[in-house]
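Here's the structure, in structure tokens; my notes come after.
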Amino acid sequence: MTGAVIEIQSLTKRFGGTTAVDDLSFRVEPGVVTGFLGPNGAGKTTTLRSLLGLVRPTSGRATFDGRAYTELADPLGTVGTALEAASFHPGRSGRDHLRVAAAAAGIRDSRVDEVLAWVGLADAARRRVGGYSLGMRQRLGLAFALLGDPGALVLDEPINGLDPEGIRWIRVFLRDLAAEGRTVLVSSHLLSEVQQTVDRVVIISHGRLAYEGTLDGLESGAVARVRVDAADRDALARALAASGAVVEAAADGLRVSGVDAERIGSLAFAAGVPLKLLVPEREGLEDVFLEIVGEGEIR
Amino acid sequence: MIRSLRSELRKISTTRSWWVLALILFGWVGLNAAGIAALGSVLVDQSGGMVGPESIPPLVYSTVTAVGYVFPLLFGALASTAEFRHQTLTPTFLATPRRGRVLGGKVGAGLIWGVVFGVVGVAASVGVGALVLQLTGVHPDLGSADNLALIARAAIAMALWAVVGVALGVLLPNQVAVIVVVLAFTQFLEPLLRLAANFWEWTAAIGRFLPGAATDALVGSSIYALIAGGAADALEWWQGGLVLGGYAVLFLAIGGLTTWRRDVT
Ligand SMILES: Nc1ncnc2c1ncn2[C@@H]1O[C@H](COP(=O)(O)OP(=O)(O)O)[C@@H](O)[C@H]1O
Ligand SMILES: [Mg+2]
């Protein structure tokens, strides 16, 4: 199976005076899990709803293999969707919720029971959705996404509200779907939530693209620093600063950037300052993420 | 369109509101039919030939629309507004992204369920009404072609009212607002307007196009038409049907161009 390529082209959406999505472009390829990241209010949901024909973009296009969602001959068979705050009639059972969609898409009813069993809702299928927990609603949302056995999956914050067991389950599930050749686009406001699951990330901030690429590429953007200390801390700081390094004093030593650990060692040796600590440090991915989306400095 | 229709039919059969409303419809129409049948038989006895026994059954049988049309109307309006209220427009438009098709499916489903309401209502007005007539010694006259035609047209009117409700719910997606509007208009405003319209000839000419008046024209009889009298000539039965359908088309056109095209967020 090969899923559709998702393409967002110069997408802009304004709600009155608010620009929710601002000239956004990116591509999502089949066969990998792509994370769609950004803090709350960054415009993820608006982008996905525009892609799915629920929101009319102010300008730009969003397509599956070049076709708008509203032009797809078999929408549920092409794209499976679970949107944030998935909406159900509380008086309808989970099974009936899916049967309503199955009828609209010309999907046989036996498929409904299949997907319900798949997401672990077989026992609750005939109960009213009004009594479901948030995690069960998320699972029902996923069952809806899988109903048409689609080549592409668009999931808005699917991990939100799942219990730890559910989180482990969905991670494996998404990886399996991508391994089958499907296109998988998963949004989240937390990098850590999807870090172990995604191969590529698209990061947006204030509706604009902030980063598109692999997780490794994101990591290499991290600022390398070295924590270093000596009995004569001042002498060490002078020697390092003289060679152009950026030195910050901290309670547990100096934080140095601009030069690597090896260079610091030889500078200290040349200055005759014996070191008692030399530790290369890397910023965590989460810090890089926060910095990219412009929330790093606020903290 | 067929798929959409099947989906919309399922939406209705999988929730409670249709049978709750159908049950109340049966009770309320049955009560009114019984009351009018009993009253009518007394009238026939006491009037000394002024009121013929053949004038009573049409009044009894037409209670289905005279007092019952508000139920398919509410039913249709609730079916449409539920999608907005519970945000189920999202899965609906995901499964059927062409919104016009969804609207078509809703109208079709409204019509079909409206027939169900018509059958339930007629079962009450004719079932209970004819029984009471029989018991009080007035001939139910169920064999007459006029009465049978009246019963069939009453069922059609109920189906049309369900469609008007579906259309109204699209035009006014706020569920509370639509319930208030429906109850205020049908229970209070329209009866007043119909009475007031009879003061002048020109207002009476317009009054014929009020939805309740059009319903009476379509059905051919009603206790209201009797009370209000008729300064202007009533519409033909088919014209009454067209007027009701016209309301549905008007609401659908405006709703379809406004609320139905909005962003679903
Ligand atoms: N229907 C709407 N009307 C007005 N503003 C909206 C609407 N939907 C979203 N927004 C605004 O658009 C911005 C992006 O929101 P959203 O796409 O939900 O972000 P995210 O999913 O990344 O949290 C926010 O500022 C939000 O307030
Ligand atoms: Mg969101």
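Throughout, protein chains are lettered first and strands after them, A, B, ... in sequence-line order, and every chain is numbered starting at 1. These numbers come from a predicted model, not from an experiment.
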Do [X] and [Y] have side-chain heavy atoms sitting under 4.5 Å apart?
{"X": "B/D263", "Y": "A/K13", "answer": "yes"}
{"X": "A/R49", "Y": "B/T90", "answer": "yes"}
{"X": "A/T46", "Y": "B/T265", "answer": "no"}

Ranking B/R16, B/E8, B/R262, B/E83 by heavy-atom pairs under 4.5 Å to chain A gives rank one to B/R16

With chain A, the option among B/L94, B/T88, B/T96, B/T15 that has the most non-hydrogen atom pairs under 4.5 Å is B/L94

d(B/R85 CZ, A/H89 NE2) to nearest 0.5 Å is 8.0 Å

*May I ask you to decide if A/T70's main-chain N or O and B/R98's side chain share a donor-acceptor pair within less than 3.5 Å?*
yes

- Item | Any donor-acceptor pair under 3.5 Å from A/R99 side chain to B/R10 backbone | no

Flag if over 12 foreign heavy atoms under 6.0 Å of [atom1], [X]:
{"X": "B/W28", "atom1": "CH2", "value": "no"}
{"X": "A/H189", "atom1": "NE2", "value": "yes"}
{"X": "B/L189", "atom1": "CG", "value": "yes"}
{"X": "A/R14", "atom1": "CZ", "value": "no"}

Whatever's closer than 4.5 Å to a heavy atom in chain A on B/R99 counts as side chain

Heaviest contributor of heavy-atom pairs below 4.5 Å to chain B, chosen from A/A105, A/A102, A/G148, is A/A105

Heavy-atom nearest pair, A/A104 first then B/A95, reads CB-CB, 3.9 Å

Heavy-atom nearest pair, B/R3 first then A/G106, reads NE-CA, 3.6 Å

Of A/H97, A/R92, A/R95, the one forming a side chain to side chain donor-acceptor pair (under 3.5 Å) with B/T14 is A/R92

If one checks every heavy atom of A/Y69 against chain B at 4.5 Å, the contacting part turns out to be both

